[in-house]
Amino acid sequence: MSTTYLEAIREGLWEEMERDPNVFCIGEDIGEYGGAFKVTAGFLEHFGARRVVDTPISEAAIAGASIGAGLMGLRPVAEMQFADFISCGFDQIVNFAAKCRYRWNAPVPIVIRSPSGGGIHGGPFHSQNPEMWFVRTPGLKVVCPATAYDAKGLIKSAIRDNDPVLFFEHKALYRKIKEDLPTEDYTVPIGKAKVVREGTDLSIITYGAMVWTALEAAETLAAEGVSVEVVDLRTLVPLDRDTVCESVRKTSKVLLLHEDTRTGGMAGELAATITETVFEYLDGPIVRVTAPDTPVPFSSTLEEAFLPNAEKVIEKARWLYRY
Amino acid sequence: MSTTYLEAIREGLWEEMERDPNVFCIGEDIGEYGGAFKVTAGFLEHFGARRVVDTPISEAAIAGASIGAGLMGLRPVAEMQFADFISCGFDQIVNFAAKCRYRWNAPVPIVIRSPSGGGIHGGPFHSQNPEMWFVRTPGLKVVCPATAYDAKGLIKSAIRDNDPVLFFEHKALYRKIKEDLPTEDYTVPIGKAKVVREGTDLSIITYGAMVWTALEAAETLAAEGVSVEVVDLRTLVPLDRDTVCESVRKTSKVLLLHEDTRTGGMAGELAATITETVFEYLDGPIVRVTAPDTPVPFSSTLEEAFLPNAEKVIEKARWLYRY
Amino acid sequence: MSAVHAAGAELDRSVAAAGTPEAALAHKCLYYMQLMREVEDRIERKLYRQGKVLGGVYVGRGQEAISVGSGLVAIPEDVLFPSHRDMAIFFIRGISSRRVLAQYMGRVGGLTRGRDGNMHMGDMDAKVVSIISALAATVPVAAGAALAMRYQGSNGVAFSYFGDGSTSRGDWHEGVNFASVQKLPVVFICNNNQYAYSTPLNLQMACANVADRGPAYNMPAEIVDGNDVLAVYAATERAVAHARSGKGPYLLECKTFRMTGHSAHDMAHYVPKGLFEEWGKLDPIVRIQQRMLEENWATQAEIDQVHAAVTAEVDDAVAWAEASPFPDPSTLLEDVYESQ
Amino acid sequence: MSAVHAAGAELDRSVAAAGTPEAALAHKCLYYMQLMREVEDRIERKLYRQGKVLGGVYVGRGQEAISVGSGLVAIPEDVLFPSHRDMAIFFIRGISSRRVLAQYMGRVGGLTRGRDGNMHMGDMDAKVVSIISALAATVPVAAGAALAMRYQGSNGVAFSYFGDGSTSRGDWHEGVNFASVQKLPVVFICNNNQYAYSTPLNLQMACANVADRGPAYNMPAEIVDGNDVLAVYAATERAVAHARSGKGPYLLECKTFRMTGHSAHDMAHYVPKGLFEEWGKLDPIVRIQQRMLEENWATQAEIDQVHAAVTAEVDDAVAWAEASPFPDPSTLLEDVYESQ
Ligand SMILES: Cc1ncc(C[n+]2csc(CCOP(=O)(O)OP(=O)(O)O)c2C)c(N)n1
Ligand SMILES: Cc1ncc(C[n+]2csc(CCOP(=O)(O)OP(=O)(O)O)c2C)c(N)n1
Ligand SMILES: [Mg+2]
Ligand SMILES: [Mg+2]
């Protein structure tokens, strides 16, 4: 039976709570209501209020209480109702959670789950991709799964990880994609990218919902005789630089793709990594396809123009291929 | 008479308050005490409590109240006691201030001054360089002056600017550098980089305190016959991509330097900009010299190892020159 | 300000016809409450279901007395910070139902020109500041506006609106504390509708009333029946008098009930059914109508006429909004900064 | 736990010699207050001036009764969250003055191995959680630790310490609110020393006492003389009994005065001179000594002996700390993540 991206996360969380009594959930409206997106639907009934902690509207307290519980040896999984509200608990994450181990050897094994991304007419405050705030903060791990399989495997790894993990769930994927999942327990390692399509002419390096955009573009380009390799980073920190560079060595042409806005986005880090590591292999400029540097607009006409899509990727890829 | 970097900011702020009755200061301990670094020493006596507003320990309220006053047509200049505490008022800055104009055409002409940077044994919470959190957030401008002249000219431009400006003052420069300043009113435009040393072999692109490190390295390298061009970005947003690319066209070799940690740092954005714009001019890998991906350590031995310095720049530059 | 409303003529007429100031006030209250109810009904029960309104839809059905009763106290100098359930504030400040509907439909005629949706809108000319999604974020911003008004020598007051759940946020505390230390002219107006999304009060706060938080800031706090528009009006007058006279902020807790789910997609299964019935009997529009009849401030025919006028106004507004174009994608990059 | 202290033998002896539990408690209090005073004096007045301690130095001189009187109430299960003026907590939890001094000097012998400085230290084995600089950030973290203890079936209580100024922060409010909604076992202990850096109380809060904030959370709040170590001890016993019994958090406001500048570089010109004199008379160490003499809990010779033992302990600790190496730069990249 096929499992959606949302259901995969739900299952991963559920199984980890069954497996380890130290795992618990905390967040706004996650109990009786089951969470804004229903990821924890049924959890309260099954696990009880001790392990499914509904909180006041207090993102700093959600993050802070998770840290406190993590320091005490529990494994809290906190939910931000939308990734856009993570900025309300920001200091706890970037200054408290991120630096405890480094400063006084105190592990903070917490997971912060955040539905992020656009494409659902959410407008400026329900569509953001805030991963780079955390990618640039040493001490945090950052995970952005693109598939149901990875979402389940990575949420499990995140929960078992002994460092603070930011887990970004692309909300447009929640109910849009599904696949058959193994019935037995499995994990996907944090820090390993995956070549999701092999190719020889050009590499698209991407993550999150844009993996699907890249695959769509690759399909069209294949018909035109352009062989595109697609690398799904899966984890942004730690970054699997080896897999990225390996792909560049193979194709010599790189298109970096993300839904996040351009300036200061992940593409920058990738471009720097590539030029400093495999510069000699490059056979053309490194090209970026990203959202422009604006807030996420609400209206469909604008949001469509704002979000990267296969067309935009194809156009840039064609140009790069011919370069 | 020579003016320090700190005194230059103080003068710029003072003159703007004299010039425009809508300009006022707000922050913790900025009144009678004159601010943690004494940037506003004497302001309370001269301008009175109406225009020098001491606040409770409430960074969100400092940012939020500044936004409210800015919406009403005033020009608040807020002080974060240390840049490290800006994460406590984060949501106000990245979601409120940054998006008002875009969303409902409401300008938020505020300046947030923050002493940032290491080298003063401040440890993990008094040494951070948080500029990239804001560089990646559309709607904010980000300014990082390196000299007393620029500090004064840019604080004035920031105050006169009709968009929210994050103004990072490198605290290690406060009393370390000085120069003669013009006696007449002047400004330095936001968004314009400056070639602070001309060269032909290699470009170092940098900003903030690292400009001095770059110049020191360039001096040593000159003695070895390597002609280094040093570009001081001065403003990170808007980014003067033209000046950066112009320098690369000239030298064909680039070393990117910042005090901020490596992953997700400004060097990434620069590397991406360069490879997508002037790839053909590149005659070697783009090289980064940055702090490593750790919190800022306290002990001198570690902090020294952590911070980029002329030696580290020289070593990389030599390698690149020979490449 | 009524000129911008299609039904403005009817409002002016009925206010003028009212015998006493009290009756005139009641007429105004009825008009704005009816208008808010009608616009929100149209949005939530029609346009949203037709797919013409996208994104989140939050309505203030049953809570109209709060924004209307308090908003009508505001003078032009005052700056208002409505929450996501205070639509009437926009109408009272002269923003037409046309523009509000266009906003919901993502059209250029909306206050954000399609850049943002629903109640995420503002207009500094009308002195209405847009919320951002992050709850209570406007609270310190309202304090800053109040600081600015005192700075500028204006006698304006900031009206800061929020729900019960929003008082849990750090920004709420920082903003209220700063306002009270600085004795700023702010009235803090809480719509305590007993739920925050699915979260009931007892999971939100340990105190019995939001007003119990007043003493923490040495700030007077008053509880008022939030479904009685004239009571809200009177209490707001007290609050505003306090704030305007320089005595500092004032907290008004309006007890009410959210007669809907949190937003249009939420069926509110978590709310005990009996509560809807109980509070349904206290509907603020029905109550003001009854009062108007009892006090002879209006006849049933006049009351019906208000409803008819409002319905006609909203029909026109919907048509106007639907005729307003979607934003041109070529404008995508505009307005992030003053000049690009 | 006294074994880790060089002067532990003297402490054990004097406690054992005390005739009554009260006298024994007084001896403990004196020892820890003296030790904190001596270590801080050495740091601020000697090592800092010699350039051997770098960075910010904040001391709790004159406030020792608060961390000592409350910290001695803690049982091993309890988790403590000291503020930057609560050094004695570390000693009470068995962390030696050697390691504390090494911490200040940035040596590997410090609790953070030179990675952080001054009071930014913790040790989960001793159940002491490190502050971060951002004030009040530990407040929600303490609530989380309390949640964990209840979850784990422990009867531990979280001791959350902070200053008057820290109560202005949003995190403080969110943490206290969450703890009170969840009825978590936390005692919130405020050292109200009347200043936050240069900021006096009246610019920090509009209420007269921090305790006035209790009702906002339906939380008992008590004011105690923070310069009377036995009074602090007794009040903490009440607070802890409440929290440990499952009734939820308790707020203890310890009135005191900061007898120094904010940090070693601050001359506190903004503090009216008279206040130092006035509060100097209420020095908590002098007061417990007087009490001990009055009550015949100790002789002057015994009191002098405590001081001598503490001085000797600190002499040894300074030497030990100075002998501890600076961190090896080759370790620079370690410990950011579990495995690199
Ligand atoms: C900081 C933040 N966290 C979470 C949300 C999601 N959210 C939107 S409205 C809402 C409930 C608000 O409750 P309340 O303040 O009582 O206002 P009401 O909707 O009841 O009028 C929540 C949790 C948000 N908008 N902002
Ligand atoms: C969020 C934040 N803002 C500002 C500071 C700078 N700062 C350090 S201590 C201090 C004063 C603290 O006052 P209080 O809470 O009363 O504690 P006290 O020092 O008086 O014990 C300030 C403003 C900080 N550490 N954190
Ligand atoms: Mg509510
Ligand atoms: Mg204090």
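The chains referred to below are lettered A, B, ... by the order of the sequence lines, with proteins before strands, and numbering in each begins at 1. Everything numeric here is computed off the predicted structure, so don't read it as measured data.
A cation-pi arrangement is not found for A/Arg50 relative to A/Phe24, the charged atom failing to lie both closer than 6.0 Å to the ring centre and inside a 45° cone about the ring normal. Taking the ring axis of A/Tyr207 as reference, the NZ or CZ atom of A/Arg234 does not stay both within 45° of it and closer than 6.0 Å to the ring centre. Judged by the 6.0 Å distance and 45° axis criteria, A/Lys38 is positioned over the aromatic ring of A/Tyr33.
There is no side-chain donor-acceptor pair under 3.5 Å between D/Arg85 and D/Tyr161. D/Ser168 and D/Gln204 share a donor-acceptor pair across their side chains, judged by distance under 3.5 Å alone. A donor atom on one side chain and an acceptor atom on the other are found under 3.5 Å apart for D/Asp86 and D/Ser83. Between D/Arg213 and D/Thr167, the side chains place a donor N or O and an acceptor N or O closer than 3.5 Å (distance only, hydrogens not considered).
D/Asp171 places no side-chain N or O within 3.5 Å of a backbone atom of D/Val139 that could act as its donor or acceptor partner. Side-chain N or O atoms of A/Asp232 include none that pairs as donor or acceptor with a backbone N or O of A/Lys194 at under 3.5 Å. Listed for the A/Thr235 side chain is a donor-acceptor partner under 3.5 Å among the backbone atoms of A/Gly191.
Scanning residues 93-107 of chain A against chain D with a 4.5 Å heavy-atom cutoff picks out A/Asn95, A/Phe96, A/Arg101, A/Tyr102, A/Arg103, A/Trp104, A/Asn105, A/Ala106, ordered by number. The interface of residues 65-74 of chain A with chain D, defined by heavy-atom distances below 4.5 Å, comprises A/Ala65, A/Ile67, A/Gly68, A/Ala69, A/Leu71, A/Met72, A/Leu74.
D/Val108 and D/Pro327 make their closest contact through CG1-CA, 3.5 Å (heavy atoms, listed as atom of the first residue, atom of the second, distance).
With a 4.5 angstrom heavy-atom cutoff, A/Asp54 touches chain D only via backbone atoms. Residue contact with chain A, scored on non-hydrogen atoms closer than 4.5 Å, involves the backbone and the side chain of D/His120 alike. For a residue to count as touching a neighbouring chain, one of its non-hydrogen atoms must lie under 4.5 Å from one of that chain's; by this rule A/Ile26 touches chain D with the side chain only. When heavy atoms are compared at a cutoff of 4.5 Å, D/Val176 does not approach chain A at all. Looking at A/Val108, there are no atoms closer than 4.5 Å to chain D (heavy atoms on both sides), in backbone or side chain. With a 4.5 angstrom heavy-atom cutoff, A/Pro76 does not touch chain D via any of its atoms. Only the side chain of D/Leu147 comes within contact range of chain A, with at least one heavy atom under 4.5 Å from a heavy atom of that chain. Heavy-atom distances place no part of D/Leu184 under 4.5 Å from chain A, backbone and side chain included. Residue contact with chain A, scored on non-hydrogen atoms closer than 4.5 Å, involves the backbone and the side chain of D/Thr138 alike.
Per-residue heavy-atom pair counts under 4.5 Å with chain D were compared for A/Pro138, A/Gly64, A/Gly89, and the maximum is reached by A/Gly64. Ranked by heavy-atom pairs shorter than 4.5 Å toward chain A, the options D/Gly170, D/Ala137, D/Gly144, D/Ala179 are led by D/Gly144. In terms of heavy-atom pairs under 4.5 Å with chain A, the best-connected choice from D/Ala142, D/Ser154, D/Ser130 is D/Ser130.
The aromatic rings of A/Phe134 and A/Phe90 lie tilted to each other, with the angle between the two planes from 30° to 60°.
Note: A/Phe85 and A/His126 meet the aromatic proximity criterion, with ring centroids under 6.0 Å apart. Two rings, from D/Tyr217 and D/Tyr250, have their centers 6.0 Å or more apart. A/Phe82 has its ring centre less than 6.0 Å from the ring centre of A/Phe37.
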